[in-house]
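Data block below; observations after.
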Amino acid sequence: MLPTYQHPDYSSIYAVGVIVQLHPPEATPLPVGVPKTGQMTEAMGMAVAHNIAIALGEMSAHPVTPTLETICFADFGNTGILFLADPVLPDPATGKRRRAIALQGAWVGWAKTAFEQYFLAKMRLGAAVPWFERLALRGVGLSLVEPLAKSSSTDCLHGTPC
Ligand SMILES: Cc1cc2nc3c(=O)[nH]c(=O)nc-3n(C[C@H](O)[C@H](O)[C@H](O)COP(=O)(O)OP(=O)(O)OC[C@H]3O[C@@H](n4cnc5c(N)ncnc54)[C@H](O)[C@@H]3O)c2cc1C
């Protein structure tokens, strides 16, 4: 997929989800892949909705791409881990991330349950990322999407081969 999450040959086809653009940095004996989280798919959905709105002429803005930076509440049996991976895939050259933080405790499970209730409620109300969530993400130095350079990515949205 292109950085706009369009099909390279069919510009009106978009795809989102962890299957789409998260290739493991190197082959492993078992196909375990790389860590994947719900927030990454949320960011892809947000980017694609934004880019489709531009392609349809509904708004004038720069196309965006997901940052694939993530913060995640993960269950581990009777404990849990809150991790921040920025970005999820390490730099192929250095093998490192800008930031990687992990906190463990049973409280993560409780926080995850509370977050689930909050997430479902805000989606039912049609509030994808309310201002206070944006503020909290900015507080920990994360963003869901980032603008693409204007040139070719804008052309792709309007059907010009990229
Ligand atoms: C055991 C486990 C624990 C996890 N825990 C956490 C966690 O604590 N926190 C967290 O953030 N993330 C967690 N994740 C990861 C998270 O669930 C995924 O990152 C997220 O669900 C990915 O969403 P997605 O929509 O991209 O893909 P999926 O949720 O995999 O959705 C893809 C959908 O496509 C459907 N599908 C597949 N092929 C076809 C086809 N040919 N035609 C039609 N439909 C098709 C599938 O049935 C599925 O419903 C966990 C994952 C697993 C497996």
Side-chain angles (χ1 to χ4, degrees), residues 1-53 55 63-92 95-146 148 153 156-157:
M1 302 305 289
L2 299 173
T4 50
Y5 282 58
Q6 287 168 282
H7 190 288
D9 300 326
Y10 303 97
S11 63
S12 61
I13 296 180
Y14 295 75
V16 298
V18 295
I19 194 73
V20 173
Q21 210 164 36
L22 291 171
H23 308 294
E26 60 187 47
T28 50
L30 286 175
V32 290
V34 292
K36 300 172 183 86
T37 73
Q39 195 187 36
M40 298 160 74
T41 298
E42 187 189 349
M44 292 184 212
M46 180 185 280
V48 165
H50 176 99
N51 294 340
I52 290 175
V64 294
T65 197
T67 58
L68 302 184
E69 303 163 351
T70 198
I71 188 163
C72 174
F73 298 104
D75 287 320
F76 280 81
N78 58 4
T79 186
I81 294 182
L82 169 66
F83 69 82
L84 185 154
D86 171 15
V88 163
L89 296 183
D91 184 308
K96 293 193 173 151
R97 299 179 172 90
R98 283 185 294 275
R99 288 184 299 162
I101 301 166
L103 303 171
Q104 183 179 355
W107 60 271
V108 175
W110 309 331
K112 182 172 172 165
T113 304
F115 182 78
E116 180 186 341
Q117 296 304 315
Y118 158 74
F119 189 90
L120 292 174
K122 73 168 184 172
M123 287 301 175
R124 284 188 190 115
L125 293 171
V129 189
W131 65 266
F132 49 87
E133 196 176 319
R134 265 179 230 267
L135 201 63
L137 285 172
R138 206 174 297 159
V140 291
L142 294 183
S143 50
L144 295 176
V145 297
E146 63 190 356
L148 283 163
S153 53
C156 298
L157 288 179

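Remember, it's 1-based here, ligands and their atoms both numbered in the order they're listed. Start at 1 with the first residue, then count along the sequence.
- Contact annotation for atom 44 (N) of ligand 1: protein absent (non-hydrogen atoms, distance under 4.0 Å).
- Inside a 4.0 Å radius of atom 34 (O) of ligand 1 there is not any protein heavy atom.
- Here the NE2 atom belonging to His50 is positioned 14.5 Å from the OH atom belonging to Tyr5, to the nearest 0.5 angstrom.
- At a heavy-atom distance under 4.0 Å, no atom of Val16 approaches ligand 1.
- Between the side chain of Asn51 and the main chain of Val64, a donor-acceptor pair closer than 3.5 Å is present.
- Backbone and side-chain nitrogen or oxygen atoms of Phe73 are examined, and one is located within less than 3.5 angstrom of a nitrogen or oxygen of ligand 1.
- Here the rule is salt bridge (Lys or Arg N to Asp or Glu O under 4.0 Å) with Asp86, and of Arg97, Arg99, Lys96 only Arg99 fits it.
- Between Ile19 and ligand 1, not a single N/O pair is under 3.5 Å apart.
- If you check which protein heavy atom lies closest to atom 10 (C) of ligand 1, you get Cys72 SG, 3.4 Å.
- Per-atom contact check: atom 21 (O) of ligand 1 does not touch the protein, criterion being a heavy-atom distance below 4.0 Å.
- Inside a 4.0 Å radius of atom 25 (O) of ligand 1 there is at least one protein heavy atom.
- Shortest contact from atom 23 (O) of ligand 1 to any protein heavy atom: Thr41 OG1, 3.4 Å.
- Thr65 places a side-chain N or O within donor-acceptor distance of the main-chain N or O of Pro3, the cut-off being under 3.5 Å.
- At the shortest separation from atom 50 (C) of ligand 1 among protein heavy atoms lies Lys36 O, 5.0 Å.
- Test Val108, Leu82, Leu84 against Leu103 for side-chain contact (heavy atoms from CB on, under 4.5 Å) and you get one pass: Leu82.
- With a 4.0 Å heavy-atom cut-off, ligand 1 is reached by the backbone of Val18 and by its side chain too.
- Note that OG1 of Thr37 is 11.5 Å distant from CZ of Phe73, once rounded to the nearest 0.5 Å.
- Protein heavy atom nearest atom 16 (C) of ligand 1, with residue, atom name and distance: Gly38 N, 4.1 Å.
- At a heavy-atom distance under 4.0 Å, no atom of Met44 approaches ligand 1.
- Checking side-chain atoms of Thr67 against main-chain N and O of Ser143 turns up a donor-acceptor pair under 3.5 Å.
- For atom 12 (N) of ligand 1, the protein comes within 4.0 Å by at least one heavy atom.
- Separation of atoms CG (Leu142) and OG1 (Thr70) is listed at 7.5 Å; rounding is to 0.5 Å.
- Counting only heavy atoms of the protein, atom 8 (O) of ligand 1 lies nearest to Lys112 NZ, 2.4 Å.
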